[in-house]
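As structure tokens, the structure follows; a few thoughts come after it.
The sequence lines fix the lettering, A, B, ..., with proteins before strands; numbering per chain opens at 1.
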There are 2 protein chains.
Amino acid sequence: MLIFELMKNQNDIAVYLNQHGIKKTAFRVELLDLFFSNSSLTQEEIKEQIKETKNKVTIYRALEAFEKKGIIHKVPDINNVMRYALCQVGCCSEEAHTHNHIHFICKSCKSTYCIEEVKIPNINLPEGYQKEGVRLTVEGVCPRC
Amino acid sequence: MLIFELMKNQNDIAVYLNQHGIKKTAFRVELLDLFFSNSSLTQEEIKEQIKETKNKVTIYRALEAFEKKGIIHKVPDINNVMRYALCQVGCCSEEAHTHNHIHFICKSCKSTYCIEEVKIPNINLPEGYQKEGVRLTVEGVCPRC
DNA sequence: ATTACAAACGCAACTTAGTTGTGTTAAAAA
DNA sequence: TTTTTAACACAACTAAGTTGCGTTTGTAAT
Ligand SMILES: [Mn+2]
Ligand SMILES: [Mn+2]
Ligand SMILES: [Zn+2]
Ligand SMILES: [Zn+2]
């Protein structure tokens, strides 16, 4: 289920935040709202589009809180800049992030997509390696470009 | 074939650099030599261990040259810091990097390994996505830890 | 409604990765 | 030996991300 099917208005967003133990400040409501219309965001892009604050620290601390509560997750960019994207509803929580989808980065428009339809295949490592997490990123051209 | 089987002494290293159109300066010989004894290196780690220069720019430009010539390749770190590792002999060149192995990052000792034995599986993307490159990174604990 | 507490905010100051330009040095080709 | 060009060093810069601290504000208890 996609999260934005649940979010009809600002009030729903505030409730969603409260359910995750996050206070509904004007900025954090606006930030979560912004994630509904963007497949992924960098701190920079957020600063450009958000009205409620221009403070980098405030943005980073909100992102940190959202991630810890299982609302968003990190996606490494093509240039090693961190991007952030929504988690599926019910997928992640304060206890653990459980998604195992791949990420697609468009070389043309620089968008980053969470491709839920494509799961990360099982990887068999050589003797002695203990696997704890896997990241799989595909680069190329997205359908819109 | 592993590159360090070929490199018996400093002179072999110099020849190898020249074959790739890179001048044999004391620093670049020392740098290439350093890669033989390290599974991967960051700019920072290089600066700590190299005697011939402490200049960040010199290091970055050497890494850039090595990568362009197909001698080393980039590996994104767990914290989005770039690491660098040797390419297999005959695998890559000035024309193209052709490796498709996975990378393993040890959470304990922070080492990054190129695991040549494990190839990146084929990924089938949804309609409309054009694949150009794939990165697969596994995090966990390495055999030595 | 008032109060009390913790979460969130804003500001300043900092660290570190990575880049760009320019003049100088030195390796290799002519 | 001379010429060419890659490589180097230095300074100055951009941008990501972090830390500490005093202030403000949301929320829940009284
Ligand atoms: Mn994702
Ligand atoms: Mn590798
Ligand atoms: Zn695109
Ligand atoms: Zn290890």
Side-chain angles (χ1 to χ4, degrees), chain A residues 10-11 13-34 40-48 50-69 71-84 94 110 112, chain B residues 10-11 13-34 40-48 50-69 71-84 94 110 112:
Chain A
Q10 301 281 90
N11 193 52
I13 292 174
V15 169
Y16 189 73
L17 287 176
N18 270 328
Q19 283 171 347
H20 286 83
I22 292 171
K23 288 182 182 172
K24 66 158 239 289
T25 65
F27 161 59
R28 292 192 173 195
V29 170
E30 193 188 357
L31 178 61
L32 184 49
D33 202 16
L34 191 63
S40 71
L41 291 161
T42 61
Q43 166 264 144
E44 175 88 281
E45 291 165 356
I46 292 167
K47 198 163 59 183
E48 286 166 4
I50 283 271
K51 302 214 172 55
E52 278 297 329
T53 190
K54 291 294 161 195
N55 190 297
K56 197 170 48 169
V57 178
T58 301
I59 296 170
Y60 276 118
R61 287 188 174 142
L63 292 170
E64 189 183 27
F66 283 16
E67 198 204 356
K68 192 153 60 183
K69 299 296 182 173
I71 298 174
I72 62 173
H73 61 280
K74 289 183 185 173
V75 191
D77 196 356
I78 194 170
N79 293 316
N80 263 6
V81 175
M82 269 305 172
R83 306 192 68 87
Y84 299 84
E94 181 147 27
K110 309 295 176 195
T112 297
Chain B
Q10 301 281 91
N11 193 52
I13 292 174
V15 169
Y16 189 73
L17 286 176
N18 270 328
Q19 283 172 349
H20 286 83
I22 292 171
K23 287 181 184 172
K24 64 158 240 289
T25 65
F27 161 59
R28 292 191 175 196
V29 169
E30 192 187 0
L31 177 61
L32 184 49
D33 201 16
L34 191 62
S40 73
L41 290 162
T42 62
Q43 166 264 143
E44 175 89 279
E45 291 165 356
I46 291 167
K47 198 162 59 182
E48 287 166 2
I50 282 271
K51 302 216 173 54
E52 277 297 329
T53 191
K54 291 293 161 196
N55 191 296
K56 197 169 47 169
V57 179
T58 302
I59 295 170
Y60 275 117
R61 287 189 173 142
L63 291 170
E64 190 183 27
F66 283 16
E67 197 205 357
K68 193 154 58 182
K69 299 295 183 174
I71 298 174
I72 62 174
H73 61 280
K74 290 183 185 173
V75 190
D77 196 356
I78 194 170
N79 293 317
N80 262 6
V81 174
M82 269 305 170
R83 306 192 68 86
Y84 299 85
E94 181 148 26
K110 308 296 177 194
T112 298

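Atom CD of A:E67 is separated from atom C1' of D:dG17 by 14 Å (rounded to the nearest Å). We find that CZ of B:R28 is positioned 18 Å from P of C:dT25, with the value rounded to whole Å. Nucleotide C:dA28 holds its P atom 16 Å from the NE2 atom of B:H20, rounded to whole Å. The CD1-P distance, from A:I50 to C:dA8, rounds to 15 Å in whole Å. Regarding B:Y60, its OH atom lies at a distance of 17 Å from the C1' atom of D:dA11, rounded to whole Å. When the P atom of D:dG17 is taken as reference, atom CE of A:M82 falls 7 Å away, rounded to whole Å. Counting to the nearest Å, the P atom of D:dA7 and the CD1 atom of B:I22 are 6 Å from each other. Rounded to an integer number of Å, the gap from CG of B:D77 to C1' of C:dG18 is 15 Å.
Counting only N and O atoms by type, the side chains of B:Y84 and B:E67 include no donor and acceptor under 3.5 Å apart.
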Using distance only, find each side-chain donor-acceptor pair of residues 50-57 of chain B under 3.5 Å and give its atom names and separation, not counting sequence neighbours.
residue : atom : partner : partner atom : Å
B:T53   : OG1  : B:N55   : N            : 3.1
B:K54   : NZ   : B:K47   : O            : 2.6
B:K54   : NZ   : B:I50   : O            : 2.8
B:N55   : OD1  : B:V57   : N            : 2.8
B:N55   : OD1  : B:T58   : N            : 3.1

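A:Q19 has its side chain within reach of A:V15: a pair of non-hydrogen atoms, C-beta onward, lies under 4.5 Å apart. At a threshold of 4.5 Å between non-hydrogen side-chain atoms, the residues A:I72 and A:L41 do not count as touching. The shortest side-chain heavy-atom distance between B:I22 and B:Y16 does not fall under the 4.5 Å cut-off.
In this structure, A:N80 does not reach the D:dA16 phosphate: none of its side-chain N or O atoms is under 4.0 Å from OP1 or OP2. The side chain of B:T58 places an N or O atom within less than 4.0 Å of a non-bridging phosphate oxygen (OP1 or OP2) of D:dA9.
With B:D77 contributing its side chain and B:R83 its backbone, the two residues share no donor-acceptor pair below 3.5 Å.
Between the two ends of the helix from C:dA1-D:dT30 to C:dA30-D:dT1, each summarised by a five-pair axis, the helix axis turns through 30° (rounded to 10 degrees).
Position along DNA chain C of the nearest nucleotide to B:V81 versus B:T25 favours B:V81 as the more 5'-ward residue. Comparing B:K24 and B:K56 along DNA chain C, the residue whose closest nucleotide (by nearest heavy atom) sits nearer the 5' end is B:K56.
Below the 3.5 angstrom threshold, one finds no donor paired with an acceptor across the side chain of B:K23 and the base of C:dA26. Contact annotation: side chain of A:R61 to base of C:dG10, donor-acceptor pair present below 3.5 Å.
Proximity note for A:V57 (side chain, C-beta onward) versus D:dC8, C:dA8, D:dT19: the nearest is D:dT19. Of all nucleotides listed (C:dA8, D:dC10, D:dA16), D:dC10 comes nearest to the side chain of B:N55.
Among the protein residues, A:T53 comes within range of the sugar-phosphate backbone only, with heavy atoms under 4.0 Å from sugar or phosphate atoms but none that close to a base.
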